[in-house]
Amino acid sequence: MKIAIIGAGNLGLSIAKGILNSNGATTMYLTKRNTAEIEEYSNYGNVTITSDNREAVKKSDIIILAVQPSQLENILESTKDLLTDNHVVISTITGFSIAKMEAILGSDYNIIRSMPNTAISVGQSMTCICSNEKGKKKIELAKAIFNRMGHSMEIPETQMQAATVICASGVAFWMRLIRATTQGAIQLGFDAKEAQELAMHTCSGAASLLIESGSHPEAEIDRVTTPKGCTIQGLNEMEHQGLSSSLIQGIVASYEKISRIKENQL
Ligand SMILES: NC(=O)C1=CN([C@@H]2O[C@H](COP(=O)(O)OP(=O)(O)OC[C@H]3O[C@@H](n4cnc5c(N)ncnc54)[C@H](O)[C@@H]3O)[C@@H](O)[C@H]2O)C=CC1
Ligand SMILES: O=C(O)[C@@H]1CCC=N1
């Protein structure tokens, strides 16, 4: 696959790392206005660093857009004459609807809208995707690309904002939970490094249990909670303090915020 990543910033570079780690591209173009910061990527034999988006589009089949929302329109305008039937345009831009992209490009091109998260750099992103009418036949290709770097799910575009909160912002939410657990572990006597190791591997193991068994979280909780034991004591105290409620309220607040962003109107 010949892949161009237009906008090699935080997310664009995370995607580049994920693709490189999974040997997912025959050639890759990474574009950025000032390329000095990403020169190191040219050490990979198949990667070209450039500030020329037109060259990247011309020489690639899969165009991954990872610029800030305000930069997208100009980029689409300045490259649209190069697009062909073979191109698959994959946007990662938060809040930029397919209708808005079609208003610039027209509806004759394969357009995929995606919401990966930053764990894509380590091959563990939960990525939600949807497409325009024309792009429907490319959804499986897009899923195959993202499945190399984690897990993907096709969703209706109307759920994209909710997916942004749960999957993209979700990385930050889980980080805070891991940090809080780490702080608790330090209070119980572990040093900071040990505490983080215990917290993150326990978190990863808990998620793996659900992924591999397919069981419900409460079923796994029942396996851990000894009657009159320490787990139920801790869990109930967390709930008295509003653990589940604060998480749900935070998720809803995040969703309300993203829903207020003007560009999100479909
Ligand atoms: N799914 C997720 O977890 C996240 C998604 N996002 C979304 O990803 C997009 C990118 O966010 P970040 O990577 O944080 O932004 P960023 O600002 O780090 O990266 C954007 C990059 O685009 C480059 N750029 C600007 N104009 C350009 C042009 N004309 N041609 C080529 N490159 C150009 C900039 O130099 C910069 O390196 C945003 O639209 C944001 O909404 C952002 C953070 C997390
Ligand atoms: O915080 C934000 O608004 C963006 C969208 C998802 C991740 N970062």
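When a ligand or atom number is given, it counts from 1 through the structure's own listing order. Basis for what follows: all heavy atoms, side chains included, without hydrogens, waters or symmetry-related copies.
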Can you give each donor-acceptor pair under 3.5 Å made by side-chain atoms of residues 204-214, sequence neighbours left out, with the distance rounded to 0.1 Å?
| from | atom 1 | to | atom 2 | distance (Å) |
| --- | --- | --- | --- | --- |
| Ser208 | OG | Ser204 | O | 3.0 |
| Ser213 | OG | Leu209 | O | 2.6 |
| Ser213 | OG | Ser215 | N | 3.0 |
| Ser213 | OG | Ser215 | OG | 2.6 |

Review point. For atom 2 (C) of ligand 2, is some protein heavy-atom partner under 4.0 Å away?
Key: no

Practice item. Heavy-atom contacts with Thr94 under 4.0 Å: which atoms of ligand 2 show up? List them by number with element. Key: 5 (C)

Identify all N/O pairs between ligand 1 and the protein with a separation under 3.5 Å and present them as a table of atom names and distances.
| from | atom 1 | to | atom 2 | distance (Å) |
| --- | --- | --- | --- | --- |
| ligand 1 | 1 (N) | Pro116 | O | 2.5 |
| ligand 1 | 13 (O) | Asn10 | N | 3.2 |
| ligand 1 | 13 (O) | Leu11 | N | 2.8 |
| ligand 1 | 14 (O) | Asn10 | ND2 | 3.3 |
| ligand 1 | 15 (O) | Gln68 | NE2 | 2.8 |
| ligand 1 | 17 (O) | Gln68 | NE2 | 3.0 |
| ligand 1 | 18 (O) | Asn10 | N | 3.0 |
| ligand 1 | 18 (O) | Asn10 | ND2 | 3.4 |
| ligand 1 | 26 (N) | Arg33 | NE | 3.4 |
| ligand 1 | 30 (N) | Asn53 | ND2 | 2.9 |
| ligand 1 | 37 (O) | Lys32 | NZ | 2.9 |
| ligand 1 | 39 (O) | Val67 | O | 2.8 |
| ligand 1 | 41 (O) | Thr94 | N | 3.4 |
| ligand 1 | 41 (O) | Thr94 | OG1 | 2.5 |

Review point. In the protein, which heavy atom is nearest to atom 7 (C) of ligand 2, and how far is it?
Key: Ala168 CB, 4.0 Å

Review point. Would Leu198 and Met175 show up in the same hydrophobic cluster when neighbours are defined by side-chain heavy atoms closer than 4.5 Å?
Key: no

For residues 12-29, tabulate all N or O donor-acceptor pairs below 3.5 Å that involve a side-chain atom, not counting sequence neighbours.
| from | atom 1 | to | atom 2 | distance (Å) |
| --- | --- | --- | --- | --- |
| Ser14 | OG | Asn10 | O | 3.0 |
| Asn21 | ND2 | Lys17 | O | 3.3 |
| Asn21 | ND2 | Ser121 | O | 3.4 |
| Ser22 | OG | Gly18 | O | 3.1 |
| Ser22 | OG | Ile19 | O | 3.2 |
| Thr26 | OG1 | Met1 | N | 3.3 |
| Thr26 | OG1 | Met1 | O | 2.9 |

Check your understanding: Quick one: do Ile5 and Leu11 end up in the same hydrophobic cluster if we chain Ile, Leu, Val, Met, Phe, Trp and Tyr together by side-chain heavy atoms under 4.5 Å apart?
Key -> yes

Exercise for review: Could you go through the salt bridge (charged side-chain N to carboxylate O under 4.0 Å, His left out) check for Lys143 and Glu140 one step at a time?
Suggested key: CA-CA 5 Å; Lys143 286 191 76 176; Glu140 287 308 315; 5.1 Å; no

Practice item. Report yes or no: do Thr79 and Asn53 form a side-chain donor-acceptor pair below 3.5 Å? Key: no

Point to revise | Modelled atom types, side-chain donor and acceptor of Ser125 and Thr127, under 3.5 Å | key: yes

Check your understanding: What part of Thr164, side chain, backbone, both or neither, has a heavy atom within less than 4.0 angstrom of ligand 2?
Key -> side chain

Exercise for review: Could you pull out all residues at least two apart from Gln183 that satisfy side-chain hydrogen bond (donor to acceptor under 3.5 Å, both in side chains)?
Suggested key: none

Review point. Quick one: does atom 5 (C) of ligand 2 have a protein heavy atom under 4.0 Å from it?
Key: yes

